[in-house]
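The structure under discussion appears below in the form of structure tokens.
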Amino acid sequence: MADRKRLIPGFSRILHGGDYNPDQWLAHPEVIDEDFRLMHLAGCNAFSVGIFAWTSYEPEEGRYEFGWLDRIMDRMAEEGQKVILATPSGAKPAWMSLRYPQIRRVDRRGLREPHTGRHNHCWSSPTYRQKVRAINLQLAARYHAHPALGMWHISNEYSGECFCDLCLHAWQRWLEQKYGTVDALNAAWWSAFWSHTFTSFEEVDPRDGSIDALKVDYLRFNTSQVLDFLRWEIAALREHSPDTPCTTNLMGLFPWLDYSKLVEAVDVIADDQYPGFVPDDPDVFRTAIRVSFKDDLHRCLKPDRPWMLMESCPDAPQWKHPVRLKRPGVHQAEMLQALGHGAEGTGYFQWRKGRGGCEKLHGAVVDHVGHEHTRVFQTVAKLGAHYQRLTPILGSVVESQVAILYDWEVRWAFEATDGVRAHPDTYESVAFDHYQALVHHGVSVDVLSPERDLSPYRLVVAPQLWMLKPGVAARLRKFVEAGGILVGTYYTGIVDESNRCFTGGWPGEGLMEVFGIWNEETEWLPDETTRRVVTEPTAKRLALEGELVAAQVCAIAHLRGAQALATYGEDFFAGSPALTEHRWGSGTAYYQAAWLGADFFQRFYGALVRQLGIPTALSAPLPAGVLVQRRTKGERQLLFFQNYSPSDHEITLPAGKYQDLLGQVPVNGTLRLPAWASTVLSSA
Ligand code: GLA
Ligand code: ZN
């Protein structure tokens, strides 16, 4: 895999740096001098510059000032550092907002917003687009061949919606393009309900919360607006800078933009994360699972190239209340976790704390005190030194035979529907339950959309696949026919891509045949309510015996060819299957009619992984609180460990000789991992 692309072509180092805002310090050149000294001490090599620098780039309309940036870029080049140079569209200058009110958003009530804050420009305004194009052209023309330029950083954390006339018009044209005729829209949206039948696209108000299909279409539209804006920004850069990779920083599992679509426009996946690992939080390990899941999803958005953590906090962000300091060890664990999941760079928000503004107390590498003798700086510098030793990871890959399906549109349709256990964040948290059990067994998991190719996988888990987009059911069917193992759950195959319920029985679109069951009814239980489930003797081959406990959601399903491995043991549910198995073609489909809890998930997936011979990082399950990721480079195995728990652990390693890349010591047999510790082992 030596030809696997680097994040920055030709730059064979793990990126380490972050958001650097010298534009806030132009009146203090001595501080900027000090920054360069400190960057060197911290082992940093790549910085995002200019993210919110529009007023420094263009202090008044048409007058550009790039002298300061020239000096920063030149100096970065002299020091062997790379710049991820930002387009400044995330925060527009006040002079622009006042002169061109059209660039400001209109809110849901139809009111034009004032010029405040950031991340609040209209997606459609031709004026804003021209202004962005002009500044992007300037940047690209000036710096495209600069030796410090490593990547383009497009805007910042795109988000939000605008309801101005231009955006409403764009919405209506989007509908027209999608549906062709208003009759087709009416049919897809089931518009006769509450007399919503439309006679023209102009009548369709995107704020109507009573039409489930509209809610999903509006989010699709908004993603297409943002994607169009992103493409517009990149097109201007590309006129002068055709080859430098482009990225835009994402926000994890941000629910309101379909990142799987948005990233079509960029070359590199970059993410921002602020998990806030709090030592005395009983759910701290769940936080770590959530981060891992998100990392695997991001890795799979562009599997042919490493991704990077663009922003993280070396200490505590000021906006997480209460503000808890990052305890010793946690920062390194969080960064190694990202690398373990395929990242090849991590950055900070931010390099140096600004003296004013609403983020002046946000954790940063350089604190207000100004020198390097701080706990946080020393932590960062130590990590910077470790990154030198970790360069062997560059070009290694995460290989997985297991996929979990996760999809923004499915989530939107699920959450747009009244009557299902969809809030808060149930779509993702149930996916985490399945994921957590798999990673407990040391399995690498790909997290991806059901529209992706499933043929590379042995096991596909589809938690709550509420919506079946065109072709998805056929793909799952083919996957099982060809020998794949599919795990489905209640709330699967309920609606089509317009959020219309399938008729004729669930799971729809022929998946009843694949699972060999008909899911007749589904109950959403109150939080404390449970229902007994009794396993059949045949469930022993899945490490299940005796009783299980169902909670959260219980469906009543009927066997239509499948075999029950467990049935409900009480209430009028008694006797109906809670877990089924169905051989179909050369594969098997399992259906979980109820949420059966963490212990069940661990046993069930542990048994499947053993039966299928799916590779695991270790030969025994992980202790609670510990995570491991495995990257491979030819024959070489790289194991990334993090202990997100207050207990020390001893981990039995697979046979073979290992080197601890950070401690630079050989480790054989057992790895001692103290509380909150992390490290990387490489096979010899
Ligand atoms: C986001 C933004 C940054 C900063 C941080 C603070 O990730 O991109 O500009 O506001 O949050 O945590
Ligand atoms: Zn608008």
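Just follow the structure's listing: the first ligand is 1, and inside any ligand the first atom is 1.
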Legend entry - Protein N, O or S atoms lying under 2.8 Å from the Zn ion (ligand 2), listed by chain and number: Cys122 SG, Cys162 SG, Cys164 SG, Cys167 SG
Inset, instruction - Would you sort out whether Lys82 and Met151 count as a side-chain contact (heavy atoms from CB on, under 4.5 Å), showing the intermediate values? - result: CA-CA 8 Å; Lys82 288 291 178 188; Met151 217 188 287; over 6 Å; no
Inset, instruction - Measure centre to centre between the rings of Tyr57 and Phe66, then say whether the value is under 6.0 Å. - result: yes
Legend entry - Lys/Arg-Asp/Glu bridge criterion (N-O < 4.0 Å) met for Lys261, Asp258: yes
Inset, instruction - Would you please indicate yes or no on a ring centroid separation below 6.0 angstrom for His16 and Tyr348? - result: yes
Legend entry - Any residue meeting salt bridge (Lys or Arg N to Asp or Glu O under 4.0 Å) with Asp74, in chain and number order, not counting sequence neighbours: none
Inset, instruction - Establish, for the pair Arg75 and Phe36, whether the NZ or CZ atom is under 6.0 angstrom from the six-membered ring centre and no further than 45 degrees off its axis. - result: yes
Inset, instruction - Hey, could you give me each pair passing ring-ring contact (aromatic ring centres under 6.0 Å, His included) that has a residue in residues 262-295? Not counting sequence neighbours. - result: Tyr274-Trp319, Tyr274-His362, Phe277-Tyr644, Phe293-Tyr406, Phe293-Phe432, Phe293-Tyr435
Inset, instruction - Check whether the ring centres of Phe198 and Tyr179 lie less than 6.0 Å apart, and answer yes or no. - result: no
Legend entry - Shell of residues surrounding ligand 1, defined by a 4.0 angstrom heavy-atom cut-off that is strict: Phe52, Arg118, Asn156, Glu157, Asp272, Tyr274, Glu311, Trp319, Phe349, Glu359, His362
Legend entry - Aromatic contact, Phe640 with His341 (centres under 6.0 Å): no
